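Presented below is the structure to which this report refers.
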There are 2 protein chains.
Amino acid sequence: MPTDTTPTGAPSGARSLEHPAREDIRLADVLHALADPMRLRIVCALAAAEGELNCADIELPVSKSTCTHHFRVLREHGVIQQIYRGTAKMNGLRRADLDALFPGLVDDVLRAADLQSRRLADEGDA
Amino acid sequence: MPTDTTPTGAPSGARSLEHPAREDIRLADVLHALADPMRLRIVCALAAAEGELNCADIELPVSKSTCTHHFRVLREHGVIQQIYRGTAKMNGLRRADLDALFPGLVDDVLRAADLQSRRLADEGDA
DNA sequence: GCGGTCATACGATAGGCGTCGTAGTACGGT
DNA sequence: ACCGTACTACGACGCCTATCGTATGACCGC
């Protein structure tokens, strides 16, 4: 409703996202973030892409709002980093930070997720 | 109220606990079980003991009921196994199953938990 | 048998979380 | 300048969960 779109001196062009510092990342938080199937899928996709991925590039069987929610959880728990690139928001795994804090954990989780999906697929096809 | 303590043919001496089969253990469930600080503590203690531990041998800053609850969550998600030994209930990590399903994961989580606790302790003492 | 101890079950409570829809905001292209 | 697109914010709903206290059941030693 306000006629001006720049209220109270807020920088309109600087859409910045809050990320926890490396030392503030907690194991329980990371595990919690990874414990949701949707988020696990996101993380796997991100790891497979090895680079930046648009939010919409990851197809999920949930609504847009829910998708945003999951991305935020991952970001606030230190699992991913997000930056704005034009209208899109690019996402990337914080591998360096996670590997430094919890060596090998991310790799093992990703491998475990892959193993399990294959196992379940085999069961289904058999 | 019933005068007999063996109602409807239920085996009174066979207090058996339900455990998921190895192939029914899901990664998301395990991560979820591990994502709670209390449960993480329990698992660490169990791993450190390398054997069986009485429920009461693990000191937790929660009530007895809550403790039982956490143990049950761990058991139902396939992280630990529990057997009755007299009045006590012995708990043990299901390392073989977990390592077979998710190689290296448990070790890394335990190592990560240890690393983090040291890191936090250092911060506190400094 | 009796009582003590360990653990459970059950109910209650408060908070968190996953999900959605709608309305709103930022940016890029025409 | 306008519109469409991409994402967000907010409120709502229902479910799950972490916590507790109390009452109950199972076992062991006497």
Side-chain angles (χ1 to χ4, degrees), chain A residues 1-8 10-18 28-29 31-42 52-77 80-91, chain B residues 1-8 10-18 26 28-29 31-42 52-77 79-91:
Chain A
M1 303 67 174
T3 38
D4 63 331
T5 43
T6 56
T8 1
S12 68
R15 280 199 293 170
S16 59
L17 291 288
E18 286 191 6
D29 288 341
L31 291 177
H32 183 216
L34 261 33
D36 183 277
M38 293 299 160
R39 294 197 285 264
L40 202 50
R41 257 163 93 164
I42 294 176
E52 297 178 328
L53 265 190
N54 189 324
C55 262
D57 284 346
I58 305 177
E59 289 192 13
L60 292 176
V62 291
S63 81
K64 215 87 201 306
S65 327
T66 307
C67 196
T68 299
H69 162 69
H70 285 309
F71 274 102
R72 175 162 42 169
V73 171
L74 286 170
R75 172 174 45 91
E76 289 179 344
H77 288 2
I80 67 171
Q81 64 189 94
Q82 302 185 288
I83 55 161
Y84 282 107
R85 241 196 125 132
T87 85
K89 189 167 65 171
M90 306 312 278
N91 307 275
Chain B
M1 287 68 167
T3 38
D4 63 331
T5 42
T6 56
T8 1
S12 68
R15 281 200 291 168
S16 58
L17 291 284
E18 287 192 6
R26 292 287 168 271
D29 287 340
L31 292 176
H32 185 211
L34 261 34
D36 184 278
M38 291 302 160
R39 294 196 285 264
L40 201 50
R41 256 163 92 163
I42 295 176
E52 297 179 328
L53 265 190
N54 189 325
C55 261
D57 285 345
I58 305 177
E59 288 192 15
L60 291 177
V62 292
S63 81
K64 215 91 203 307
S65 328
T66 308
C67 196
T68 300
H69 161 69
H70 284 309
F71 274 102
R72 175 164 40 171
V73 171
L74 286 171
R75 187 190 73 233
E76 290 179 343
H77 288 2
V79 180
I80 68 172
Q81 63 188 107
Q82 303 185 289
I83 55 163
Y84 281 108
R85 242 192 125 137
T87 89
K89 188 168 66 174
M90 306 313 278
N91 308 276

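Note on naming: letters A, B, ... go to the chains in the order of the sequence lines (proteins, then strands), and numbering restarts at 1 for each one. Computed from a predicted model, the values in this text were never measured in an experiment.
Rounded to an integer number of Å, the gap from CD of B:Q82 to P of D:dA26 is 17 Å. Here D:dC16 presents its P atom at 13 Å from CG of B:D29, a figure rounded to the nearest Å. Across the protein-nucleic acid pair, A:I83 atom CD1 and D:dC7 atom P stand 13 Å apart, rounded to whole Å. One can place CG of A:L60 at 16 Å from P of D:dA6, the figure rounded to the nearest angstrom. Atoms CG (A:N91) and C1' (D:dA6) sit 12 Å apart, rounded to a whole Å. Here the C1' atom of nucleotide D:dA6 and the CG atom of A:L53 are 15 Å apart, to the nearest Å. Per the geometry, CD1 belonging to A:I42 stands 12 Å off P belonging to D:dC7, to the nearest Å. Atom-to-atom, CD of B:E76 to P of D:dA18 comes out at 12 Å; the value is rounded to the nearest Å.
Shown here are the side-chain contact (heavy atoms from CB on, under 4.5 Å) partners of B:C55, two or more places apart in sequence or in another chain: B:F71, B:Q82, B:K89, B:N91. Residues satisfying the side-chain hydrogen bond (donor to acceptor under 3.5 Å, both in side chains) test with A:H70, not counting sequence neighbours, are A:R39. The side-chain contact (heavy atoms from CB on, under 4.5 Å) test applied to A:Q81 returns A:H19, A:R94, not counting sequence neighbours. Annotation: side-chain contact (heavy atoms from CB on, under 4.5 Å) contacts of B:S65 (sequence neighbours excluded): B:S63.
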Any protein N or O atoms within reach of nucleotides 12-19 of chain C? Criterion: under 3.5 Å, listing atom names and distances.
| from | atom 1 | to | atom 2 | distance (Å) |
| --- | --- | --- | --- | --- |
| C:dG18 | OP1 | A:R39 | NH1 | 3.3 |
| C:dG18 | OP1 | A:R39 | NH2 | 2.8 |
| C:dG18 | OP2 | A:R39 | NH1 | 3.3 |
| C:dG18 | OP2 | A:H69 | NE2 | 2.9 |
| C:dT19 | OP2 | A:H70 | NE2 | 2.3 |

Protein N or O to nucleotides 28-30 of chain C N or O, pairs below 3.5 Å:
none

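Minimum interatomic distance between A:N54 and A:A88 (heavy atoms only, all atoms of both residues): ND2-CB, 3.5 Å. Here the closest heavy-atom approach between residue A:H77 and residue A:D29 is recorded as CD2-O, 3.4 Å. Summarising the geometry of B:L34 relative to A:L31, their closest heavy-atom pair is O-CD1, 3.6 Å, with the distance given to 0.1 Å. The two residues B:A28 and A:A35 make their nearest non-hydrogen contact at CB-O, 3.5 Å.
Comparing atom distances between the B:K64 side chain and each of D:dC7, C:dA7, C:dA9 picks out C:dA7 as nearest.
Nucleotides of DNA chain D nearest to A:F71 and B:C67 differ in position, and the one nearer the 5' end is that of A:F71.
Remark: A:M38 CE to A:T66 OG1 distance equals 8.5 Å, nearest 0.5 Å.
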